[in-house]
Every structure is written in C-alpha cells, then in structure tokens.
Protein chains: 2
Amino acid sequence: MVYTEKKIENELRKRGYKITPQRRTIVNTVMRSREHLTPAEIYERIRQEHPGIGLVTIYRTLEILAGLGLICEMHAGGNCRSYLMRRPSEHHHHLICSDCGTVIDFTDCDLGELERRLSKKTSFKINGHLLEFVGQCRKCREKTMAG
Amino acid sequence: MVYTEKKIENELRKRGYKITPQRRTIVNTVMRSREHLTPAEIYERIRQEHPGIGLVTIYRTLEILAGLGLICEMHAGGNCRSYLMRRPSEHHHHLICSDCGTVIDFTDCDLGELERRLSKKTSFKINGHLLEFVGQCRKCREKTMAG
DNA sequence: CTACTAAATGAAAATCGTTTTCAGTTAGCA
DNA sequence: TGCTAACTGAAAACGATTTTCATTTAGTAG
C-alpha cells in the first residue's frame, strides 16, 4: 500500500507548503513508478506533458517530500540519488545478473528480525533498507560454460 | 583481519598495475583508518607528508582498488563516496543515518536461507549481495524531536 | 647498469549532479 | 478582490568527479 495523493497533499498543507500543479505532477510521477527514479528521470517523464517545468523545482519538491518521510531517498552507485514512493510495510529488492544486467524483483526478505536487532543495538530508527543480490543468470552461465 | 600491504601489492602486480610511491601511501592511509574515508580526506591526510600528490591520483587508485575488491566503496548522504579496507570472508554491511551520514558497520546478515531460495527459484548463481539499512541515528532523532 | 615502453602522474579543463540567487508568478487566505 | 508568503524557472555558482595531455617513472629486457 502506498500513500494516497490526498494524504500527501494534506501532509504538505499541514506544514504550510502550497499545492502547486508542479508538485502534483511530481508526486504523481513518483507514485506511478515502481522503480526508483532519479531527479533527471522524473524531469524527463514530466517534460513530455509539462514542457515548462524546471529541474530545480523537482529537486526542491523531492527534498521536501523526503524530509517529510513520504518518499524514500536512496544513494546508489555513481553520483546519483533516486527516489521511490514509500510503501509502508512493503519493500522491494533486486536480483541482478552481473553479465547481462537482467533484473529480477522480489519482495520477501525476512529482514525484520535483523532490523529489530540492529535498531536495538544502535538506537537507530530504521526507515528502510536496500538489498541487492548479484549473480549470474542461467543464460549467461550457460554461455560461460560453453565459451 | 584485513589484507596485508604485500597481498595488495601482489594483487596489483598480477594485473599489470605498477607499484608507485603514491599508491603505496594511499593503500597505507586507507589501511590505517578504521573509518570510511572520502577521497578528499585521504588527500588531506597524505598531503602533509607528500605535498606533491594529486587528488586525481587518489581517485584513480581508489577506483582500481575497489574494482579488484580490495577496498569497499560506499555511497552515503550528500554527494560523497567513501572507502574502507575490505576484510575478506566477512562481508560487511552498513547502517546509514540519512540526516548526518554516520555509518555503522555490521557483519551478521543471515541471508543464506533467502539466497538459497532465490537461487533455486530463479536459476541464478548468486555471487554476492549488498545490504544497507537507512534510518535516523539517536542524535538526529533527538534534534528532530526538539526542533 | 642502461635503454625502452607501457603505465602512471599532476595540472588544467571539462563534466555532471546539485544548490543558490534573484526577479517575477501564484496559491491560499482575509 | 487584493495581499503576502511561498513557489517558480533561468542563470550562475558550486563541489565532486572525470578527462585530456604533456611529462615522468616502474618494471623489464638487453
């Protein structure tokens, strides 16, 4: 389950932020996506319908949403950050083939116990996690064997 | 246990990389530290003894070492990456504070069962994994409460 | 020890993602 | 309808990282 647009708008209004068409579009875009999106990717997607929008506005809005804990900010390889709607209780992970780049998603990760243990030990309030497995898919393994 | 300088030099030589005084110093600096260091921090530490060294060289060397799996690259908040000596056989994971960037390492992850399950279901040969928890450390939580 | 060559170095410039500045626009409220 | 704080977009600034290029050096063969 994901936050509704209404819930997000209320949350923003409550803190004195205004609801602008740009912000609506940004929330909507992040919401539609089941993948993490970088600011640049969000910009590209929005630009098609909303040519006038500025990349700056996207940065600013994402910063606010992440600050309120409504979306989840993530830092992966390269110099890029990306954002995903926060799905309370559900999260999603990847299994990546290091040869061909195929990505398989999975959602069951059983990290609750570890999360509790870490949280207790470190006094962190844990908000999320990133889990990725890297390996070789069947096809690529067969190629390697053959070659 | 951490890799020895000798082991690292051999690993480099084996791939045709040369052992230069700069590389020695960089390896030595990362090795001495029990903390993650950013390229800029490494630069600062080295500059005191080796004023001539270039930041570029540090970037280049870190890239090679990380590529060979001898050090561990980490992306935390802000636009910064940092590096830590790798401890073979342990794999090591991070708990990151999304506010201040503090990183806590841990090594117990209990993902063996999940790995087997995924491997069976997807026919992947799984070689490794990346696990990061993101949250808010005690100090930052207290600040948030107060503010 | 000397000469050679591929690899490495450092300085400067280029690049990329992100942030700041600023003048003009707009949402939300009286 | 009018007001004002908040928002916007363009351009400039910024900081981290990468590329380019001329020079130097490690490792090796003679």
Got a sec, which pairs hit side chain to side chain donor-acceptor pair (under 3.5 Å) with one end in residues 46-71 of chain A, sequence neighbours left out?
-> Glu44(A)-Arg47(A)
How close or far is atom C1' of dT9(C) from atom CG of Leu55(B), stated in whole angstroms?
-> 13 Å
N/O (side chain, Arg23(B)) to phosphate O (OP1/OP2, dT9(C)) under 4.0 Å | yes
Separation of dA8(C) C1' from Ile53(B) CD1 (nearest whole Å) = 12 Å
Given protein heavy atoms under 4.0 Å, the one-letter contact record of nucleotides 24-30 of chain D, with B base, S sugar-phosphate only and - none, is simply --BS---
Compare side-chain N and O positions of Tyr59(A) against OP1 and OP2 of dT18(C) and report whether any pair is under 4.0 Å apart.
-> yes
What is the bend of the helix from dC1(C)-dG30(D) to dA30(C)-dT1(D) when you compare the axis at one end with the axis at the other, using five pairs each and rounding to 10°?
-> 30°
Residue-phosphate contact under 4.0 Å: Gln22(A) side-chain N/O, dG9(D) OP1/OP2 | yes
Anything under 30° is parallel, anything over 60° is perpendicular, the rest tilted; go ahead and classify His129(A) against Phe133(B).
-> perpendicular
Rounded to whole Å, CD1 of Ile64(A) lies from P of dT19(C) at a distance of 13 Å
From CD of Glu44(A) across to P of dG17(C) the rounded distance in Å is 12 Å
Glu41(B) atom CD is separated from dG15(D) atom C1', nearest whole Å, by 15 Å
Could you tell me whether Arg15(B) and Glu11(B) make a salt bridge, using a distance below 4.0 angstrom between a side-chain N and a carboxylate O?
-> yes
